[in-house]
Amino acid sequence: MYSGELVTLRAFELDDLDEIMQHWNNYELRKFVDNVLPVSSVSEKEWLERVAKLNPWRDHELLFAITETKTGKLIGGAGLHDISFDSRHTEFGISIYNPDYWSKGYGTDATTLTLWIAFHILGLNSVTLRVFEYNTRAIKAYEKCGFKRVGILRKRKFIDGDFHDEIIMDFLADEFFERFPPGTKPWGCKR
Ligand SMILES: CC(C)(COP(=O)(O)OP(=O)(O)OC[C@H]1O[C@@H](n2cnc3c(N)ncnc32)[C@H](O)[C@@H]1OP(=O)(O)O)[C@@H](O)C(=O)NCCC(=O)NCCS
């Protein structure tokens, strides 16, 4: 598995369902990542059954469960979506499920580890993400990791009766390699 300073990335397992369901219907979380309609445990179980079997080379997608290294507790998920092995590009996404775990460095650690896997293991060249402009905590975390703002999709998100811009950020392999050259591992990264 892959461990940074605070978190470990592992595959999702079916018995992660209960922990995810404790948080996934929290409006304060979902307003940052998705629509805000209720999700049933039946849907979430189907999602888990799919992601537990993902193979990035076949499915062009890779998702990790984020666990707190100290306790082994599941605290979130991070993923690489729409992976193109021709253009060597992917879209990054992340959620730390429980707001009690926000702003404690877990997201920055998990993002850097996932980037390390994208660039050092999968050999990708470009990682893009999209973030709603009101998600200032996420933007701060992404900028700390080294993502750069490269564009804006105007009024792309509708929530609570109003439209909000979506910010596009990206990260190139050469930029990541300045911090983690090929052959190096992030912090105590064990695998
Ligand atoms: C976005 C997310 C992954 C970031 O992870 P995190 O562990 O909370 O972030 P970190 O603690 O690593 O970094 C957050 C930084 O933003 C700062 N911050 C906290 N609240 C903030 C706010 N409202 N505005 C601006 N900065 C803020 C923190 O102080 C910290 O900076 P610092 O290390 O310089 O003090 C996590 O908060 C999360 O999952 N949120 C809900 C889902 C979500 O937004 N997903 C991303 C969708 S694009």
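A quick note: this is a predicted structure, and the numbers were derived from the prediction, not measured. For ligands, and for the atoms within them, numbers begin at 1 and follow the listed sequence.
In terms of protein heavy atoms, atom 9 (O) of ligand 1 is closest to Ala141 CB, 4.0 Å. For atom 3 (C) of ligand 1, the nearest protein heavy atom (residue, atom name, distance) is Ile94 CG2, 3.7 Å. In this structure, the protein non-hydrogen atom closest to atom 47 (C) of ligand 1 is Phe32 O, 3.5 Å. Protein heavy atom nearest atom 41 (C) of ligand 1, with residue, atom name and distance: Trp102 CZ2, 3.4 Å. With hydrogens left out, the protein atom closest to atom 18 (N) of ligand 1 is Arg137 CG, 4.0 Å, a heavy atom. Nearest protein neighbour of atom 1 (C) of ligand 1, counting heavy atoms only, is Ala138 CB, 3.5 Å. Among protein heavy atoms, atom 33 (O) of ligand 1 sits closest to Lys144 NZ, 2.6 Å.
Heavy-atom contacts of Thr136 reach the following atoms of ligand 1: 22 (C), 23 (N), 24 (N), 25 (C), 26 (N) (cutoff under 4.0 Å). Taking a cut-off of under 4.0 Å to the non-hydrogen atoms of Ser95, the atoms of ligand 1 that pass are 39 (O). Distances below 4.0 Å separate heavy atoms of Arg130 from the following atoms of ligand 1: 48 (S). Taking every non-hydrogen atom of Asn135 and a distance limit under 4.0 Å, the qualifying atoms of ligand 1 come out as 43 (C), 44 (O), 46 (C), 47 (C). When each atom of ligand 1 is checked for a heavy atom of Ser103 under 4.0 Å away, the hits are 6 (P), 7 (O), 8 (O), 11 (O), 19 (C), 20 (N). For ligand 1, the atoms closer than 4.0 angstrom to any heavy atom of Thr108 are 10 (P), 12 (O), 13 (O). Counting atoms of ligand 1 from 1 in the listed order, those under 4.0 Å from a heavy atom of Val33 are 42 (C), 43 (C), 45 (N), 47 (C). Within ligand 1, counting atoms from 1 as listed, the ones closer than 4.0 Å to a heavy atom of Leu29 are 41 (C), 42 (C).
Phe92 places a side-chain heavy atom less than 4.5 Å from the side chain of Tyr142. No side-chain heavy atom of Phe64 sits less than 4.5 Å from a side-chain heavy atom of Arg10. Put simply, the side chain of Arg130 does not reach to within 4.5 Å of the side chain of Ile167, judged on heavy atoms.
Using the six-membered ring where Trp is involved, Phe119 and Phe176 have ring planes that are tilted, between 30° and 60° apart. Below 30°, between 30° and 60°, or above 60°: for His60 and Phe85 the angle between ring planes is between 30° and 60°, a tilted geometry.
Closer than 4.0 Å to atom 38 (C) of ligand 1 lies at least one heavy atom of the protein. In this structure, atom 29 (O) of ligand 1 has no protein heavy-atom contact shorter than 4.0 Å.
Ring-centre distance between Phe132 and His164: not below the 6.0 Å cut-off. Centroid-to-centroid, the aromatic rings of Phe177 and Trp116 stay 6.0 Å apart or farther.
In this structure, Arg30 places its CZ atom where more than 12 heavy-atom neighbours from other residues, nucleotides or ligands lie under 6.0 Å away. For CZ of Arg154, the number of neighbouring non-hydrogen atoms (other residues, nucleotides, ligands) closer than 6.0 Å is 12 at most.
Distances from atom 48 (S) of ligand 1 to the heavy atoms of Tyr142, Phe92, Tyr101 put Tyr142 nearest. Nearest to atom 35 (O) of ligand 1 by heavy atom, out of Lys140, Glu143, Arg30, is Lys140. Distances from atom 5 (O) of ligand 1 to the heavy atoms of Gly107, Gly105, Cys145 show the closest one on Gly107.
A distance-only check finds a donor-acceptor pair linking the side chain of Asp16 to the backbone of Glu13 [under 3.5 Å].
In this structure, NZ in Lys144 is found 9.0 Å from OG1 in Thr112, a value given to the nearest 0.5 Å. Here the straight-line distance linking atom CG of Leu9 with atom OG1 of Thr114 works out to 4.5 Å at 0.5 Å rounding.
Proximity of Ile96 to ligand 1, defined as any heavy-atom pair under 4.0 Å, is shared by backbone and side chain alike.
Under a hydrophobic clustering in which Ile, Leu, Val, Met, Phe, Trp and Tyr are joined whenever their side-chain heavy atoms come within less than 4.5 Å, directly or via other members, Leu14 and Trp47 fall into the same cluster.
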